[in-house]
Amino acid sequence: QVQLVESGGGLVQAGGSLRLSCAASGRTFSSSAMGWFRQPPGKDRQFVATISASGDSRFSADSVEGRFTISRDNAKNTVYLQIDSLKPEDTAVYYCAARNVPTRAIVVKEYDYWGQGTQVTVSS
């Protein structure tokens with residue numbers, strides 16, 4: 001089993017920045033690919049970014065490319081999502097997810113473990 005706990009969400013003005021963190025426990029973090037997803041109000045969960053277990057391969061959704069950066073620190077069992085130039089349409093609950101394999105993925109169903117989510121609200 002893997003436990004994931006997100007933190008760092010909050011209320012921020014458009015143009016601002018946040019850094020989300022996801023602390024993992026219960027399994028060898030360094031062998032797990034990780035991902036960030038978000039779920040805007042009334043919408044399905046959306047892919048945001050993913051990173052391989054080693055951290056040498058990353059991919060982000062077109063809608064966030066250049067503004068969102070995923071990274072990880074395997075020594076701290078933590079994955080991060082740096083969010084810059086926030087827009088009101090970035091408002092959502094942001095979820096961290098882990099896979100049982102080291103290769104990254106962009107589809108919800110390919111992830112095995114999920115955190116409880118952290119709310120990000122962007123005011124205009």
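For clarity, every value in this text was computed on a predicted model and none was experimentally measured.
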Exercise. Can you check ring pair (Phe, Tyr, Trp, His ring centres under 6.0 Å) on Trp36 and Phe68, steps first, answer last?
Worked result: CA-CA 10 Å; Trp36 284 97; Phe68 289 21; 9.9 Å; no
For this session: With rounding to the nearest 0.5 Å, note down the distance linking CG in Asn100 to CD in Glu110.
Result: 12.5 Å
Exercise. Are Ile51 and Tyr80 connected in the hydrophobic side-chain network, where two residues link if heavy atoms are under 4.5 Å apart?
Worked result: no
Exercise. Does NZ or CZ of Arg38 fall inside the cone over Tyr95's six-membered ring, less than 6.0 Å from its centre and within 45° of the axis?
Worked result: no
Problem set entry | Ser17 versus Asp84, closest heavy-atom pair with distance | OG-OD1, 2.8 Å
Problem set entry | Shared hydrophobic cluster for Val107 and Met34 (ILVMFWY, side-chain gaps under 4.5 Å) | no
Exercise. Side-chain heavy atoms under 4.5 angstrom apart, residues restricted to Ile, Leu, Val, Met, Phe, Trp, Tyr: same cluster for Ile106 and Ile83?
Worked result: no
For this session: Return yes if some donor-acceptor pair links the side-chain N/O of Asn74 with the main-chain N/O of Ala53 below 3.5 Å, else return no.
Result: yes
Exercise. In terms of the angle between their ring planes, are Phe59 and Phe47 parallel, tilted or perpendicular, with boundaries placed at 30° and 60°?
Worked result: parallel
Problem set entry | Glu6 side chain to Cys96 backbone, donor-acceptor under 3.5 Å | yes
Problem set entry | Contact check, side chains of Leu86 and Leu18, non-hydrogen atoms, under 4.5 Å | yes
Problem set entry | Side-chain donor-acceptor contact under 3.5 Å, Arg67 with Ser85 | no
Problem set entry | Any side-chain heavy-atom pair of Ser31 and Pro102 under 4.5 Å | no
Seminar exercise, completed: d(Ser30 OG, Arg72 CZ) to nearest 0.5 Å is 7.5 Å
Exercise. Judged by modelled atom types alone, do Glu89 and Thr91 share a side-chain donor-acceptor pair under 3.5 Å?
Worked result: no
Problem set entry | Closest non-hydrogen atom pair between Leu81 and Tyr94, with its separation | CD2-CD2, 4.1 Å
Problem set entry | side chain to side chain donor-acceptor pair (under 3.5 Å) between Ser63 and Glu65, worked out | CA-CA 6 Å; Ser63 60; Glu65 185 66 37; over 6 Å; no
For this session: Using a cut-off of 6.0 Å, state whether more than 12 heavy atoms not belonging to Asp44 lie near its atom CG.
Result: no
For this session: Enter the distance from Tyr113:OH to Arg99:CZ here, rounded to the nearest 0.5 Å.
Result: 12.0 Å
Problem set entry | Closest heavy-atom pair and its distance - Leu4, Ala24 | CD2-CB, 3.6 Å
Exercise. Could you state the interatomic distance from CD (Gln119) to CD (Gln39), rounded to the nearest 0.5 Å?
Worked result: 10.5 Å
Exercise. Any side-chain heavy atom of Val79 sitting closer than 4.5 Å to one from Ile70?
Worked result: yes
For this session: Might you point out which heavy atoms bring Asp56 and Ser52 nearest each other, and give the distance in Å?
Result: OD1-OG, 3.0 Å
Problem set entry | Test side chain to side chain donor-acceptor pair (under 3.5 Å) applied to Thr78 and Asp73, step by step | CA-CA 5 Å; Thr78 302; Asp73 185 339; over 6 Å; no
Exercise. Would you say Leu20 and Val93 are hydrophobically clustered, going by side-chain heavy atoms of ILVMFWY under 4.5 Å?
Worked result: no
For this session: Nearest 0.5 Å please: distance from the OG atom of Ser124 over to the NZ atom of Lys87.
Result: 14.0 Å
Exercise. Going by atom types alone, do Thr50 and Tyr111 pair a side-chain donor with an acceptor below 3.5 Å?
Worked result: yes
